[in-house]
Amino acid sequence: MTSSSQPQYPVVSGWIQLNDHTYVRSSAEWGANTGLVVGSEKALVIDTGGGPRQAKELADAVRAITDLPITVANTHAHFDHVFGNAYFRNHLGVVDIWAHHSVVKDLLETGLLQRKFVRGVEPEMELAEGLDTELDFPNRLLEEAPVDLDLGGVTVTFFYLGKAHTRGDMLVGVDGILFAGDIVEEGGHPSFEDSYPHDWQRVLGKIIAIDELYPVVIPGHGQPVDMDFVRMQFHKLRQGIRVSEAAIHEASADYTKAIPVLPYGPLQSRHLIQRLKKSATRATED
Ligand SMILES: [Zn+2]
């Protein structure tokens with residue numbers, strides 16, 4: 001899956017070290033990636049895990065690398081990326097949590113429903129019982145313009161390229177490395193449940209267009225990849241949309257017949273078709 005041109009990175013305290021100040025690690029349960037960028041004055045943690053158990057493991061791993069004050073960024077409003085926020089606030093003294101502005105609204109709307117997805121991994125979080133299980137919302141919100149955050153000798157850039165995997169996917173760039181959240185997915189199929197497929201394809205195109213800025217891409221799940229991988233995902237999505245729409249537009253056909261010929265698993269294919277049908281019935285996507 002990953003390109004053979006990717007370098008072999010050293011592993012430090014369980015983190016894959018991408019350069020002298022940037023790290024990533026994957027959760028054992030979902031392969032969800034958390035990033036760590038360390039400046040001379042503060043450090044940034046990108047995505048906090050699916051509840052207090054994962055967040056504690058992540059926080060301990062962060063403290064094995066740095067004692068600096070921590071700022072948090074959430075790539076989007078899905079449980080496996082945001083449910084550890086409360087632990088980070090309560091135990092690491094985090095003040096600022098950055099995310100796209102729609103994340104707060106999405107968490108207010110779907111946060112309770114999303115608790116069921118952590119079943120078997122974060123039992124306290126599922127039941128909202130115990131410490132650090134409250135939903136903790138981002139308080140620093142990205143609007144349309146990119147935001148640079150100076151960590152001391154290292155600057156990270158938060159930016160938004162449009163709706164994609166969700167309506168609020170925030171990208172985080174630092175020194176040739178792009179944390180793409182679930183816009184890019186390695187080792188498993190992309191997830192379309194809350195997606196905007198046409199917009200997602202456009203966003204992948206925009207990422208490819210800045211390939212010289214970011215030769216290394218960290219997916220929301222799985223191993224680091226390069227831009228060839230993103231190009232492959234772009235073409236796959238284009239094919240997936242074409243096949244799905246052809247099936248939808250054959251008025252008498254059962255569109256579910258398209259599922260076996262789509263380049264994704266049955267569940268993801270079903271969600272892709274559902275989202276395309278939904279967007280076709282809307283004058284404008286919300
Ligand atoms: Zn997601």
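Atoms within each ligand, like the ligands themselves, are counted from 1 in listed order.
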Find, among atoms of [X] that are N, O or S, the one nearest to the Zn ion (ligand 1), and state its name.
| X | answer |
| --- | --- |
| H78 | ND1 |
| H165 | NE2 |
| D182 | OD2 |

Problem - Any side-chain donor near an acceptor of the partner, E134 and N90, under 3.5 Å - result: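 A donor-acceptor contact under 3.5 Å links the two side chains.
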Exercise for the section: Kindly confirm whether the Zn ion (ligand 1) is within less than 2.8 Å of some N/O/S atom in H81? Expected result: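 So H81 does not count as coordinating the Zn ion (ligand 1).
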Practice task
Sort out for me which residue in F179, F137, F158 forms a ring pair (Phe, Tyr, Trp, His ring centres under 6.0 Å) with W98.
Solution key: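 Single ring pair (Phe, Tyr, Trp, His ring centres under 6.0 Å) partner of W98 among F179, F137, F158: F158.
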Problem - Over-ring placement of R167 relative to Y196, 6.0 Å and 45° cut-offs - result: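 Verdict for Y196: no cation-pi partner in R167.
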Problem - Ion pair D60/R63, N-O distance below 4.0 Å - result: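 So D60 does not pair with R63 through a salt bridge.
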